[in-house]
Amino acid sequence: MRHGLRIFAVVSWMILGWVTYAYAGIWGFPFPENISTNGHLIDDVIVYIDKVLVLFFGVVVAAIVYFIIRYRSRPGHKAVYETGNKKVYVIATILLGMLVFFSIDAVIEHMAFRDLKEVFWNFPTGKDVLKIELMPQQFAWNVRYAGLDGEFATTDDIVAPLSQMHVPVDTPVVVQASSFDVVHAFYVPELRFKQDIVPGMVTTFWFDAVKTGKFEIACSALCGNGHYKMRGNLVVESKEDFQKWLSGQATPVTMDDVWADESSTGGVPKDWGWKWQAKS
């Protein structure tokens, strides 16, 4: 018995060291830089999930090792057949299930819906809010800004160069998106944001970038054989630089300026854009 306990102690320390190493390894590769005012909310959920799962995984592995040693085949030990349907086992199973549910599922759901209601579904309003219409297609991003009249789907709308989204820093940006063809997904890791964009419906989301720079826009939904080419740029710049850029786009652009690879996109969508849909 003592020999078995020694083995269990050694194995437990090995598991503890492995779990510690694994947990440290997770954070040895840092997250992408967070440039969003709300990105920390996503990080908090991920960190909590990692901590709880590593803890529970370590406990389960330790228990399995203990049972293997404790009930191993050895002289003088007779195997006992157990159905596992005794009342004590049923109660223990229910309690363990409740522990897992309330410490993982319930907590994650609470954190997620709290953030959704208080932040992500709480769309900003006011004159300083920038509105953008986004229409992805195989395999590019179409970006549209309202013109001087402040309305969309009018003649003075500003269509940005292909797959280029410019936004001012420290400014709430509300995006309405609808797909031209298949399901796409707007994903910018530095914003901690991914949003599926479905054909036939308009989806609204918002973000606020707090650092200038150029960041990649990826499509994280497999959208066809050219999916790998569907990359864009999110350019976060000062408010002055953004206004200069926007003013420079006010003049009509040629087809060559906007669609550098028409063969891969299937051509320019005709008369795309829609009247802005107010959120209630």
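Below, all heavy atoms of this structure are taken into account, side chains as well, without hydrogens, waters or symmetry copies. For reference, positions follow the sequence shown, starting with 1.
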**OP:** Side-chain contact test, heavy atoms from C-beta onward, threshold under 4.5 Å: evaluate it for M165 versus L134 and give yes or no.
**Re:** yes

Subject >> Pairing residues for Y145 by the ring-ring contact (aromatic ring centres under 6.0 Å, His included) criterion, not counting sequence neighbours >> reply: W245

Subject >> ILVMFWY network linking V210 to L130, side-chain heavy atoms under 4.5 angstrom >> reply: no

**OP:** List the atom of A209, the atom of L191, and the distance in Å for their closest heavy-atom pair.
**Re:** CB-CD2, 4.4 Å

**OP:** Check whether any side-chain heavy atom of M230 lies under 4.5 Å from a side-chain heavy atom of P136, and answer yes or no.
**Re:** yes

**OP:** Only counting residues at least two apart or in another chain, list the ones meeting salt bridge (charged side-chain N to carboxylate O under 4.0 Å, His left out) with D157.
**Re:** R144

Original post:
If Ile, Leu, Val, Met, Phe, Trp and Tyr residues are connected whenever their side-chain heavy atoms lie under 4.5 Å apart, and connections chain through other members, are I35 and V235 in the same group?
Top reply: no

Original post:
Would a 4.5 Å heavy-atom cut-off, applied to side chains only, mark V119 and W206 as touching?
Top reply: yes

Subject >> Contacts of F215 that satisfy ring-ring contact (aromatic ring centres under 6.0 Å, His included) - sequence neighbours left out >> reply: none

**OP:** Taking N233 for its side chain and Q164 for its backbone only, find out whether a donor-acceptor pair lies under 3.5 Å.
**Re:** no

Original post:
For F242, which residues count as a ring-ring contact (aromatic ring centres under 6.0 Å, His included) partner, sequence neighbours excluded?
Top reply: none

Subject >> Value rounded to 0.5 Å, distance of CG in L99 from CD1 in I104 >> reply: 8.0 Å

**OP:** Quick one: pull up OG in S36 and CG in L41 and give me the separation to the nearest 0.5 Å.
**Re:** 8.5 Å

**OP:** Following the transitive rule for hydrophobic clusters with a side-chain heavy-atom cut-off under 4.5 Å over Ile, Leu, Val, Met, Phe, Trp and Tyr, establish whether V169 and I217 coincide in one cluster.
**Re:** yes

Subject >> Side-chain touch I132/V143, heavy atoms, less than 4.5 angstrom >> reply: yes

Original post:
Which heavy atom in P189 sits nearest to a heavy atom in P32, and how many Å separate them?
Top reply: CB-CG, 4.0 Å

**OP:** Please name the pair of heavy atoms, one in S179 and one in I197, separated by the smallest distance, quoted to 0.1 Å.
**Re:** N-CG2, 3.5 Å

Subject >> Student check: side-chain heavy atoms of I158 and L246 closer than 4.5 Å >> reply: yes

**OP:** Could I get the full list of side-chain contact (heavy atoms from CB on, under 4.5 Å) partners for K87, not counting sequence neighbours?
**Re:** I91

Subject >> Distance flag, aromatic centroids of F120 and F205, threshold under 6.0 Å >> reply: no

**OP:** Classify the side-chain pair D156/T154 by whether it contains a donor and acceptor separated by less than 3.5 Å.
**Re:** yes

**OP:** Measure the spacing between CG of D208 and CG of D128 and express it to the nearest 0.5 Å.
**Re:** 9.0 Å

**OP:** Check whether the side chains of Q137 and N142 place a donor and an acceptor atom closer than 3.5 Å, and report yes or no.
**Re:** yes

Original post:
Roughly how far apart are K244 NZ and S238 OG, rounded to 0.5 Å?
Top reply: 7.5 Å

**OP:** Walk me through it: do Q176 and F152 pass the test side-chain contact (heavy atoms from CB on, under 4.5 Å)?
**Re:** CA-CA 11 Å; Q176 289 194 353; F152 284 90; over 6 Å; no

**OP:** Please answer: with hydrophobic residues joined when any side-chain heavy atoms are less than 4.5 Å apart, are W121 and V198 in the same cluster?
**Re:** no

**OP:** For F113, look at atom CZ and say whether over 12 heavy atoms of other residues, nucleotides or ligands are found less than 6.0 Å away.
**Re:** no

Original post:
In chain order, what residues pass the salt bridge (charged side-chain N to carboxylate O under 4.0 Å, His left out) check against K275, with sequence neighbours excluded?
Top reply: none

**OP:** List for me each residue that meets side-chain contact (heavy atoms from CB on, under 4.5 Å) alongside F101, sequence neighbours excluded, and say none if there are none.
**Re:** D105, A106

Subject >> Nearest heavy atoms of A218 and W141, plus distance in Å >> reply: O-CZ2, 3.7 Å

Subject >> CA sep, side-chain torsions, deciding dist, call: K51, L55, side-chain contact (heavy atoms from CB on, under 4.5 Å) >> reply: CA-CA 6 Å; K51 288 182 177 180; L55 173 63; over 6 Å; no

Subject >> Residues which pass salt bridge (charged side-chain N to carboxylate O under 4.0 Å, His left out) with E118, listed by chain and number, not counting sequence neighbours >> reply: none

Subject >> Beyond-backbone contact of V90 with N85, side-chain heavy atoms, under 4.5 angstrom >> reply: no

Subject >> K131, NZ atom: more than 12 neighbouring heavy atoms under 6.0 Å >> reply: no

Subject >> Heavy-atom closest pair, residues S220 and K194 >> reply: OG-CD, 2.9 Å

Original post:
Can you list the residues that meet the salt bridge (charged side-chain N to carboxylate O under 4.0 Å, His left out) rule with K239, with sequence neighbours excluded?
Top reply: none

**OP:** Tell me, yes or no, whether the heavy-atom count around R231 atom CZ, taken from other residues, nucleotides or ligands under 6.0 Å, exceeds 12.
**Re:** no

Original post:
If we only count heavy atoms from C-beta on, is the F139 to N225 side-chain gap below 4.5 Å?
Top reply: yes

Original post:
Counting only heavy atoms not in L148, do more than 12 sit closer than 6.0 Å to its CG atom?
Top reply: no

Original post:
Do Q195 and T203 have side chains that get closer than 4.5 Å, going by heavy atoms?
Top reply: yes

Subject >> Residue pair Y48, V52: steps toward the side-chain contact (heavy atoms from CB on, under 4.5 Å) verdict >> reply: CA-CA 6 Å; Y48 179 81; V52 175; 3.4 Å; yes

**OP:** Please step through side-chain contact (heavy atoms from CB on, under 4.5 Å) for the pair F193 and Y187, ending with a clear verdict.
**Re:** CA-CA 6 Å; F193 196 89; Y187 178 45; over 6 Å; no

Original post:
If you measure from the Lys or Arg side-chain nitrogens to the Asp or Glu carboxylate oxygens, is any gap between E33 and K211 under 4.0 Å?
Top reply: yes

Original post:
Are F56 and I64 linked, directly or through other ILVMFWY residues, by side chains that come within less than 4.5 angstrom of each other?
Top reply: no

Subject >> Partner set under side-chain contact (heavy atoms from CB on, under 4.5 Å) for L222, not counting sequence neighbours >> reply: H227

**OP:** Scan side-chain atoms only and decide if E151 and W276 contain a donor-acceptor pair under the 3.5 Å cut-off.
**Re:** no

Original post:
Using a side-chain heavy atom cutoff under 4.5 Å and only I, L, V, M, F, W and Y, what cluster partners does V88 have?
Top reply: Y89

Original post:
To the nearest 0.5 Å, what is the distance between CD (Q277) and CE (M201)?
Top reply: 9.5 Å

Original post:
Which residues pass the side-chain contact (heavy atoms from CB on, under 4.5 Å) test with V45, sequence neighbours left out?
Top reply: I49, I108, M111, D115

Subject >> Atom of H184, atom of C219 and distance for their closest heavy-atom approach >> reply: ND1-SG, 3.7 Å

